[in-house]
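Read through the structure below, which is laid out as structure tokens, and then see the notes.
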There are 2 protein chains.
Amino acid sequence: MNQQECPITFTLEVIGGKWKPYILHFLAARPLRSGELGRLIPQASGKMLTQQLRELERDAVIRRKVYQQVPPKVEYSLTPHGETLMPILDAMCAWGRQNPPAKAGKVRQRQARMGGD
Amino acid sequence: MNQQECPITFTLEVIGGKWKPYILHFLAARPLRSGELGRLIPQASGKMLTQQLRELERDAVIRRKVYQQVPPKVEYSLTPHGETLMPILDAMCAWGRQNPPAKAGKVRQRQARMGGD
DNA sequence: CAGCATCCCCTAGGATACTG
DNA sequence: CAGTATCCTAGGGGATGCTG
């Protein structure tokens with residue numbers, strides 16, 4: 001079985017966006033407004049955020065609720081389908097917690113790529 | 001807790017490359033040579049494959065073994081540290097298996113990459 | 001065969017300004 | 001405040017050729 005027919009491919013089509021894991025992770029805690037998400041993910045520009053949210057919405061893992069009022073208010077939340085992704089997000093979260101980037105210590109040589117964008 | 005201090009960030013720094021989840025997934029089954037990986041992941045160019053392998057090696061999740069012979073032979077395998085990533089890969093695999101892509105009509109051929117580099 | 005170096009194109013994505 | 005439309009540049013990544 002190669003990459004093209006590997007189930008992982010389907011998964012990455014949904015959560016494989018630059019900011020999608022974060023969005024899903026934060027929405028898992030509670031519904032959030034655009035601005036709140038922006039503040040939680042400061043590295044992502046508004047443009048990127050909107051784009052990723054649109055794709056997640058198309059894939060039916062998040063829901064977009066518009067409050068018809070002034071000023072405008074939009075709230076995003078996970079759909080039941082989106083919640084099925086939680087095991088993946090939780091696993092990623094757990095691993096990151098147990099394997100913080102090497103600083104001073106015993107963990108194998110890890111050359112801390114601080115290449116962050 | 002925002003994105004910058006979220007444990008998921010650490011995880012994505014390691015597995016958040018375009019082809020890394022596939023590489024790790026395939027190496028989990030058995031050690032593989034460069035050529036074999038290339039055949040398993042036909043969408044990735046040799047250049048990309050090498051680059052991703054280098055990063056995974058630097059992060060100490062895979063091992064690179066060179067057989068000093070002609071023709072050259074290089075074999076990649078997971079390190080013990082790399083094996084701790086399996087729960088994540090397995091979760092992704094399981095989800096993809098249980099949630100096959102939308103069927104009829106549109107063919108979504110989108111290969112996104114994961115993670116903020 | 002493994003994989004580095006080069007050239008080079010294309011688009012992801014940042015900054016900015018505007019609408020509802 | 002939420003989102004769209006433009007512009008524009010950095011670098012992701014493909015193709016090719018050379019080395020051990």
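Chain identifiers are assigned alphabetically (A, B, ...) following the order of the sequence lines, protein sequences preceding nucleic acid strands; residue numbering begins at 1 within each chain.
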Inset, instruction - Could you please spell out the steps behind the side-chain contact (heavy atoms from CB on, under 4.5 Å) verdict for B:L24 and B:I62? - result: CA-CA 8 Å; B:L24 294 170; B:I62 69 171; 3.8 Å; yes

Legend entry - d(CH2, B:W19; P, D:dG14) in whole Å: 8 Å

Legend entry - Nearest-nucleotide pick for B:P71, side chain only, options being C:dA2, D:dG3, C:dC1: C:dC1

Inset, instruction - Apply side-chain contact (heavy atoms from CB on, under 4.5 Å) to B:L27 and B:S77, showing your working. - result: CA-CA 6 Å; B:L27 289 185; B:S77 59; 5.7 Å; no

Inset, instruction - Round to the nearest Å and state the distance from A:L32 atom CG to D:dA2 atom C1'. - result: 15 Å

Legend entry - Short side-chain N/O contact from A:S34 to OP1 or OP2 of D:dG3, under 4.0 Å: yes

Legend entry - Interatomic distance, B:L37 CG vs C:dG3 P [rounded to whole Å]: 10 Å

Legend entry - Between P of C:dC4 and CD of B:Q52, the distance in whole Å: 14 Å

Legend entry - B:L49 CG to C:dC1 P, straight-line distance once rounded to whole Å: 15 Å

Inset, instruction - Could you work out which one of D:dG14, C:dG3, D:dG3 sits closest to the side chain of A:R64? - result: D:dG3

Legend entry - Side chain of A:K47 (C-beta onward), nearest among C:dC4, C:dG14, D:dG3: C:dG14

Inset, instruction - Look at the side-chain N and O atoms of B:K18 and state whether any lies under 4.0 Å from the OP1 or OP2 oxygen of D:dG13. - result: yes

Legend entry - Note, A:E55 side chain near A:Q51 side chain (heavy atom, < 4.5 Å): yes

Inset, instruction - Round to a whole Å and report the spacing from CZ of A:R54 to C1' of D:dA2. - result: 9 Å

Inset, instruction - Say whether, by atom type as modelled, one donor and one acceptor occur between the side chain of A:T79 and the main chain of A:A60 under 3.5 angstrom. - result: yes

Legend entry - Donor on one side chain, acceptor on other, B:D90 and B:H25, under 3.5 Å: no

Legend entry - Separation of atom CD in B:Q43 from atom P in D:dG14, rounded to whole Å: 10 Å

Legend entry - Spacing between B:M48 atom CE and C:dC10 atom P, to the nearest angstrom: 17 Å

Inset, instruction - May I ask you to say what A:Y76 touches in the nucleic acid, namely base, sugar-phosphate or nothing, with a heavy-atom cut-off under 4.0 Å? - result: sugar-phosphate

Legend entry - Any B:R33 side-chain N or O less than 4.0 Å from OP1/OP2 of C:dA2: yes

